[in-house]
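All values derive from a computational prediction rather than experimental measurement.
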Amino acid sequence: MIIAVTYVIISFLIDSLMSNILPFNLVDPSWFKTIYSVISLVILYNYFDNQKKYISIVIVLGIFFDIVYTNTFILNIVVFLIIYFILSQLDYIITTNIFTINLKSIICVLLYHLLTYIILLLANYNNYSIKLLGIILLRSLIMTIIYTTISYLIMNKIYDNKLIK
């Protein structure tokens with residue numbers, strides 16, 4: 001559990017670091033920007049036997065994401081729980097390996113962007129076009145694949161070594 005929480009915290013901090021370092025703005029999204037916290041949820045899903053602990057991490061991460069990054073009330077909690085539900089269905093259908101974990105991450109990151117876009121649009125809080133959403137989705141793919149692959153390999157190695165000992 002400590003390894004999982006540490007990984008989620010690192011991913012949460014990378015979200016902040018990338019937002020502050022990279023010249024990212026809504027009009028010209030960066031090729032290196034993705035939702036690292038969502039990827040951490042995808043990577044960690046298979047390492048939890050107790051789904052209640054995993055859901056608690058999802059909810060706490062959603063609260064912090066709402067407070068720190070989006071300044072919204074329960075938006076990310078709801079979106080992260082929907083992602084959890086979709087992830088649980090995908091995990092039931094698709095086995096986990098390096099290729100499928102990347103596919104799951106791509107689906108979840110795209111789902112995050114689409115859900116937040118739709119919710120903010122319905123709440124009249126959104127002020128960017130569907131074309132810009134498409135650019136954001138396209139540009140987040142590269143870093144999603146890179147971060148997912150690296151994270152999967154590292155976490156797999158850590159948990160394999162932990163189980164051996």
**Report entry** Nearest heavy atoms of Asp66 and Phe73, plus distance in Å
**Finding:** OD2-C, 4.3 Å
Report summary line: dist Ile135:CD1 -> Leu138:CG (nearest 0.5 Å) comes out at 8.5 Å
Query raised in the report: Please walk me through it: do Cys108 and Leu87 pass side chain to side chain contact (heavy atoms under 4.5 Å, CB included)?
Result: CA-CA 7 Å; Cys108 289; Leu87 189 56; 4.2 Å; yes
**Report entry** Donor + acceptor pair across side chains of Asn97, Tyr152 (<3.5 Å)
**Finding:** no
Query raised in the report: Any side-chain heavy atom of Leu141 within less than 4.5 Å of one from Val109?
Result: no
Query raised in the report: Taking it one step at a time, do Val38 and Leu111 satisfy side chain to side chain contact (heavy atoms under 4.5 Å, CB included)?
Result: CA-CA 10 Å; Val38 170; Leu111 186 65; over 6 Å; no
Query raised in the report: Would one find more than 12 heavy atoms of other residues, nucleotides or ligands at under 6.0 Å from atom CZ of Phe12?
Result: yes
Report task. Check whether more than 12 heavy atoms from other residues, nucleotides or ligands sit under 6.0 Å from atom CG of Asn71, and answer yes or no. Result -> no
**Report entry** Heavy-atom closest pair, residues Leu41 and Tyr54
**Finding:** O-OH, 2.6 Å
Query - Approximate separation, where rounding is to 0.5 Å, of Ile118 CD1 and Leu115 CG - result: 6.0 Å
Requested in this report: Write down the atom of Gly62, the atom of Ile77, and the distance for their closest heavy-atom approach.
Outcome: C-CG1, 3.7 Å
Requested in this report: Kindly compute the distance separating CD1 (Ile35) from OH (Tyr69), expressed to the nearest 0.5 Å.
Outcome: 10.0 Å
Query raised in the report: For Val42 and Thr148, what are the C-alpha separation, side-chain angles and deciding distance, and is it a side chain to side chain contact (heavy atoms under 4.5 Å, CB included)?
Result: CA-CA 9 Å; Val42 173; Thr148 300; 5.7 Å; no
Report summary line: Residues Ser37 and Asp15: closest non-hydrogen pair is OG-OD2, 2.6 Å
Report task. Given side chain to side chain contact (heavy atoms under 4.5 Å, CB included), test Met143 with Ile146 step by step and report yes or no. Result -> CA-CA 5 Å; Met143 201 61 203; Ile146 292 169; 4.2 Å; yes
Requested in this report: Over all heavy atoms of both residues, which pair between Asn102 and Ile98 is shortest? Give the atoms and the distance, please.
Outcome: ND2-O, 2.8 Å
Query - Minimum heavy-atom distance Ser129-Tyr117, with the two atoms named - result: C-OH, 3.7 Å
Report task. Answer yes or no: is there a side-chain heavy-atom contact under 4.5 Å between Leu110 and Thr144? Result -> no
Report task. Report yes if some heavy atom in the side chain of Tyr36 is under 4.5 Å from a heavy atom in the side chain of Ile10; otherwise report no. Result -> no
Report task. Please tell me if the side chains of Tyr47 and Ile3 come closer than 4.5 Å, counting only heavy atoms from C-beta onward. Result -> no
**Report entry** Point-to-point distance, once rounded to the nearest 0.5 Å, from CD1 of Ile39 to CD1 of Ile150
**Finding:** 10.5 Å
Query - Side chain to side chain, Val79 and Phe65, heavy atoms closer than 4.5 Å - result: no
Requested in this report: Would you kindly confirm whether Ile107 and Phe99 end up in one hydrophobic cluster when ILVMFWY residues are joined by side chain heavy atoms under 4.5 Å apart?
Outcome: no
Requested in this report: Begin with the C-alpha distance, continue with both residues' side-chain angles, and end with the deciding distance and a verdict on side chain to side chain donor-acceptor pair (under 3.5 Å) for Lys104 and Thr96.
Outcome: CA-CA 9 Å; Lys104 291 174 188 178; Thr96 301; 3.0 Å; yes
**Report entry** pair Ile55-Tyr84: side-chain heavy atoms closer than 4.5 Å
**Finding:** yes
**Report entry** Spacing of Ile14 atom CD1 and Ser16 atom OG [to the nearest 0.5 Å]
**Finding:** 10.5 Å
Report task. Kindly indicate whether the side chain of Leu75, heavy atoms from C-beta on, has any atom under 4.5 Å from the side chain of Leu120. Result -> yes
Report task. Answer whether the closest heavy-atom distance between the side chains of Phe48 and Ile57 falls below 4.5 Å. Result -> yes
Report task. Taking atom types as modelled, find out whether Tyr147 and Ser11 have a side-chain donor-acceptor pair closer than 3.5 angstrom. Result -> yes
Query raised in the report: In Å, rounded to the nearest 0.5 Å, how long is the span from CG of Leu132 to CD1 of Ile136?
Result: 4.5 Å
